[in-house]
Amino acid sequence: MKLYTSSFSHNSRRVAMLIKHLGLDVELCEVNLLQGESRSPEYLGKNPFGGVPALEDGDFVLTESNAILQYLASQTPNTLWPEDTRLRAEITRWQFWQTAQFGLATYSLMVERMLKPMRGKEPDASKIEEAEARFRRAASIMEKYLSQHDYLVGDALTLADISLAVDLTYASATNLPLEEYPHIQAWFARISALPAWEATQPQFG
Ligand SMILES: N[C@@H](CCC(=O)N[C@@H](CS)C(=O)NCC(=O)O)C(=O)O
């Protein structure tokens, strides 16, 4: 299998972390986003959705990091993606919520506070305000849940934790107000202590 990835894409990191954590045999193929490779005709020929990450398994191509996590974790028995149907449903629920709420807020702040300045563009104050409000709404839901649990599903690390934690990759650069959420911070410290987190730190250049 091959994973088309970018070493500074947090969405790619989600999958790279799982590959490291489970020691899966997947070849990582770097796509140069800064040079527009993810939109080149050659790449779109492989992955018509464009962007990274994308997994290639023979003639099967899968996009969306959370779908790729489930597909890869289904290849081998492991506790990150337990067999139990309800646990899987809870993991999937957090992953949908990541895409629709938490990750939407952190991504908007990444665009406004990192990507626009990198491209010499002015951040949009109204978008920052909207994203911060969305972040606080989402973070208070996680904070309440994590005040009573060490992990998002069950009592051990699952795909749900990887999915959500990766959205904090650029927490400092995007000025996320994590100091307001001590239980999220404690949970994040557990995830970021994993060797797979350290091994997938973003690389620029
Ligand atoms: N919802 C998608 C988001 C993928 C995404 O936005 N990828 C970015 C990098 S973090 C990308 O490839 N941008 C360049 C492009 O779309 O061509 C996922 O979770 O995989």
Side-chain angles (χ1 to χ4, degrees), residues 1-22 24 26-57 60-74 80-81 88 91-121 123 127 131 134-135 138 142 152 158-174 176 191 196-197 199-205:
M1 282 190 273
K2 284 183 178 173
L3 181 75
Y4 295 95
T5 180
S6 155
S7 45
F8 59 83
S9 143
H10 69 294
N11 287 307
S12 296
R13 184 185 201 177
R14 202 168 276 126
V15 183
M17 252 192 97
L18 178 74
I19 291 170
K20 280 279 173 205
H21 191 83
L22 293 181
L24 300 174
V26 178
E27 183 190 346
L28 301 189
C29 306
E30 183 76 14
V31 176
N32 192 326
L33 297 185
L34 298 178
Q35 288 181 9
E37 272 178 22
S38 61
R39 299 285 159 180
S40 70
E42 193 199 343
Y43 184 71
L44 290 173
K46 287 188 215 292
N47 166 21
F49 285 79
V52 290
L55 183 78
E56 191 176 63
D57 185 5
F60 179 59
V61 174
L62 186 62
T63 55
E64 289 302 321
S65 54
N66 285 321
I68 300 172
L69 288 188
Q70 294 192 5
Y71 181 77
L72 284 178
S74 302
L80 297 184
W81 185 229
R88 285 196 173 189
I91 293 168
T92 306
R93 183 260 307 279
W94 279 112
Q95 290 182 311
F96 276 113
W97 185 81
Q98 179 276 323
T99 305
Q101 300 295 338
F102 195 77
L104 189 60
T106 56
Y107 184 68
S108 300
L109 291 168
M110 244 179 260
V111 170
E112 298 304 323
R113 290 195 167 132
M114 275 178 64
L115 302 179
K116 281 190 178 174
M118 275 165 66
R119 293 176 185 140
K121 289 188 180 167
K127 287 191 177 157
R134 185 187 289 278
F135 177 80
M142 266 177 86
L152 291 172
T158 68
L159 295 186
D161 301 293
I162 292 181
S163 288
L164 270 298
V166 159
D167 281 334
L168 301 181
T169 294
Y170 294 113
S172 305
T174 58
L176 294 181
I191 315 299
W197 179 269
T200 56
Q201 288 291 2
Q203 307 289 328
F204 287 88

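No experiment lies behind these values; they were computed from the predicted model shown. First listed ligand is number 1; within each ligand, the first listed atom is number 1.
- In this model, a donor atom of one side chain and an acceptor atom of the other lie less than 3.5 Å apart for T92 and Q70.
- Using a 4.5 Å heavy-atom threshold, the side chains of P202 and Y170 count as touching.
- Polar contact with ligand 1: present for S38 (N/O pair, distance under 3.5 Å).
- Other residues, nucleotides and ligands contribute more than 12 heavy atoms inside 6.0 Å of the OH atom of Y71.
- The single protein non-hydrogen atom nearest to atom 3 (C) of ligand 1 is N11 ND2, 3.5 Å, given as residue, atom name and distance.
- Scanning all protein heavy atoms for the shortest distance to atom 9 (C) of ligand 1 gives S9 OG, 3.6 Å.
- The protein heavy atom nearest to atom 20 (O) of ligand 1 is S65 N, 2.9 Å.
- Residue R39 has at least one heavy-atom neighbour below 4.0 Å for each of these atoms of ligand 1: 15 (C), 16 (O), 17 (O).
- When all heavy atoms of L62 and I68 are compared, the pair lying nearest together is O-CD1, 3.4 Å.
- At the top of the distance list for atom 1 (N) of ligand 1, counting protein heavy atoms only, stands E64 OE1, 2.8 Å.
- Looking only at heavy atoms of the protein, atom 13 (N) of ligand 1 is closest to L33 CD1, 4.4 Å.
- Assignment of V52 to the shell around ligand 1 is supported, since a heavy atom sits closer than 4.0 Å.
- A donor-acceptor pair under 3.5 Å is absent between the side-chain atoms of R134 and the main chain of A105, judged by distance alone.
- Close contacts of ligand 1 with G51, meaning ligand atoms under 4.0 Å from a residue heavy atom, involve 12 (O), 15 (C), 16 (O), 17 (O).
- Ring-plane geometry between F102 and W97 is classed as parallel, the angle between the planes falling under 30 degrees on a 0 to 90 degree scale with a further cut at 60.
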Practice prompt. Evaluate the criterion side chain to side chain contact (heavy atoms under 4.5 Å, CB included) for residue pair T5 and V15; output intermediate values, then yes/no.
Written response: CA-CA 9 Å; T5 180; V15 183; over 6 Å; no
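- Under a 4.0 Å heavy-atom criterion, P53 is in contact with ligand 1.
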